[in-house]
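One structure is given below, encoded as structure tokens.
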Amino acid sequence: MKIIVTKNYEESCKAVADIIINQVNEKPDSKLGLATGGTAENVYPVIVKAYQKGKVDFSKVSSVNLDEYVGMDPKSPLSYRKNMDDWFFDHVNIDKEKTYVASGLNNMEEEIRLFNEKLYGDKQIDLQLLGVGISGHIGFNEPADFLTAGVHIEDLTESTIQANSRYFDSPADVPKTAITMGIGDILKAKSIVLIATGDHKAEALTQMLMNDEVKTNVPATFLKLHTDTTIVIDKALADKIGYQ
Ligand code: PGA
């Protein structure tokens with residue numbers, strides 16, 4: 001894994017945006033794996049700004065998002081489809097027909113079939129963007145005795161429900177299940193970039209960066225098996241986990 005330590009979170013967002021922009025400039029028809037979440041959110045405005053300055057063109061780009069809550073209406077402001085439209089797709093020249101965020105309202109058997117078609121029907125994901133959960137999840141692959149390789153429905157852990165409740169009226173309103181790329185789907189991306197910030201992510205980052213173990217109770221440690229993964233953290237987080 002390549003580790004980039006930046007001055008602060010804002011610089012991390014710029015570093016990650018640059019990786020995505022360079023990917024698209026080098027391969028205009030890139031297939032991007034995209035992520036929502038509070039940490040990834042601030043990467044998108046940096047990319048949008050670069051687009052507005054004519055530094056990147058998304059007209060040939062396609063994308064697949066990591067996950068979505070089961071039962072979530074794509075039109076809801078809390079849906080990951082709406083997040084992606086608001087944060088990114090509506091501000092650049094990407095063809096929305098070529099973007100896929102799973103629908104939480106569809107029959108899940110049918111949606112898993114469609115998700116797989118989007119992942120494997122044409123080409124491999126060139127670059128997958130990731131955040132990491134307090135639980136150590138990537139996508140919604142939560143800590144467990146075993147992980148699931150392919151697209152599946154995942155029960156969210158209490159820590160994820162608590163963490164995500166900040167977007168809902170109460171923890172009770174947070175959906176309890178999600179449809180997500182599996183750990184194998186994520187590892188099939190040609191390259192991966194993960195962004196993390198904040199003391200609450202220290203345990204996950206310690207397990208990722210400070211030992212050589214791969215454990216199902218910290219799914220993000222599976223990124224150690226991938227040949228082209230970049231982890232972007234800021235100095236405060238690096239200091240917190242003792243990474244030099
Ligand atoms: P966060 O979520 O950036 O909102 O902490 C990250 C994740 O759960 O993957």
Side-chain angles (χ1 to χ4, degrees), residues 6 8-17 20 32-47 64-70 72 77-84 86-88 101-102 104 125 127-144 147-148 151-152 154-168 171 173-183 185-187 189 192-209 217-223 226 229-234 236-237 240-241:
T6 65
N8 54 39
Y9 170 57
E10 195 184 336
E11 293 299 318
S12 291
C13 290
K14 283 190 199 155
V16 172
I20 295 171
L32 300 178
L34 295 175
T36 51
T39 317
E41 177 176 357
N42 295 300
V43 171
Y44 294 110
V46 185
I47 303 175
V64 179
N65 259 73
L66 279 170
D67 46 26
E68 179 58 284
Y69 295 113
V70 171
M72 180 61 75
L78 294 170
S79 77
Y80 292 156
R81 159 53 72 182
K82 189 79 171 53
N83 286 167
M84 289 307 303
D86 290 350
W87 299 346
F88 187 41
V101 185
I125 289 179
L127 174 63
Q128 175 68 56
L129 171 63
L130 296 176
V132 59
I134 297 170
S135 67
H137 72 203
I138 46 176
F140 271 127
N141 294 276
E142 298 283 24
L147 303 179
T148 302
V151 175
H152 64 284
E154 181 85 22
D155 291 331
L156 304 186
T157 60
E158 199 45 44
S159 105
T160 298
I161 290 169
Q162 285 302 330
N164 292 5
S165 66
R166 66 192 194 274
Y167 298 110
F168 294 81
D173 294 331
V174 183
K176 303 291 179 285
T177 55
I179 179 170
T180 182
M181 284 189 205
I183 204 84
D185 299 316
I186 292 171
L187 293 177
I192 296 173
V193 58
L194 180 146
I195 180 168
T197 187
D199 286 2
H200 57 308
K201 301 291 173 71
E203 181 53 28
L205 268 293
T206 297
Q207 295 303 330
M208 289 166 70
L209 304 187
N217 66 352
V218 189
T221 59
F222 275 68
L223 297 174
H226 192 265
T229 287
T230 303
I231 311 289
V232 182
I233 56 173
D234 44 68
L237 182 51
K240 177 85 183 165
I241 66 171

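Counting starts at 1 for both ligands and their atoms, in listed order.
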### Query
Do Thr39 and Thr197 have side-chain atoms, one donor and one acceptor, less than 3.5 Å apart?
no
Consider ligand 1: state whether an atom of it lies below 4.0 angstrom from any non-hydrogen atom of Glu41. no
Distance col, row Ile195:CD1 vs Lys201:NZ, nearest 0.5 angstrom, shows 9.5 Å
NZ of Lys176 to CD1 of Ile161, rounded to nearest 0.5 Å, is 5.0 Å
Just to confirm my output: which protein heavy-atom neighbour is closest to [atom], and how far is it?
atom: atom 6 (C) of ligand 1; answer: Val132 O, 3.5 Å
atom: atom 2 (O) of ligand 1; answer: Gly37 CA, 4.1 Å
atom: atom 7 (C) of ligand 1; answer: His137 NE2, 3.4 Å

- Please state whether the rings of Tyr69 and Phe140 are parallel, tilted or perpendicular, taking 30° and 60° as the class boundaries. tilted
Which of the numbered atoms in ligand 1 are below 4.0 angstrom from a heavy atom of [X]?
X: Thr39; answer: 1 (P), 3 (O), 5 (O)
X: Lys201; answer: 1 (P), 3 (O), 5 (O)
X: Gly38; answer: 1 (P), 3 (O), 4 (O)

From the list Asp67, Val64, Leu187, Asn65, side-chain contact (heavy atoms from CB on, under 4.5 Å) partner of Met181 resolves to Val64
With Leu194 as partner, the option from Val232, Thr229, Thr230, Ile138 fulfilling side-chain contact (heavy atoms from CB on, under 4.5 Å) is Ile138
Query raised in the report: Is the number of heavy atoms from other residues, nucleotides or ligands within 6.0 Å of CD (Gln162) greater than 12?
Result: yes
Checking heavy atoms under 4.0 Å, the part of His200 that sits near ligand 1 is neither
* Using distance alone, decide if ligand 1 has a nitrogen or oxygen within less than 3.5 Å of any nitrogen or oxygen in Tyr167. => no
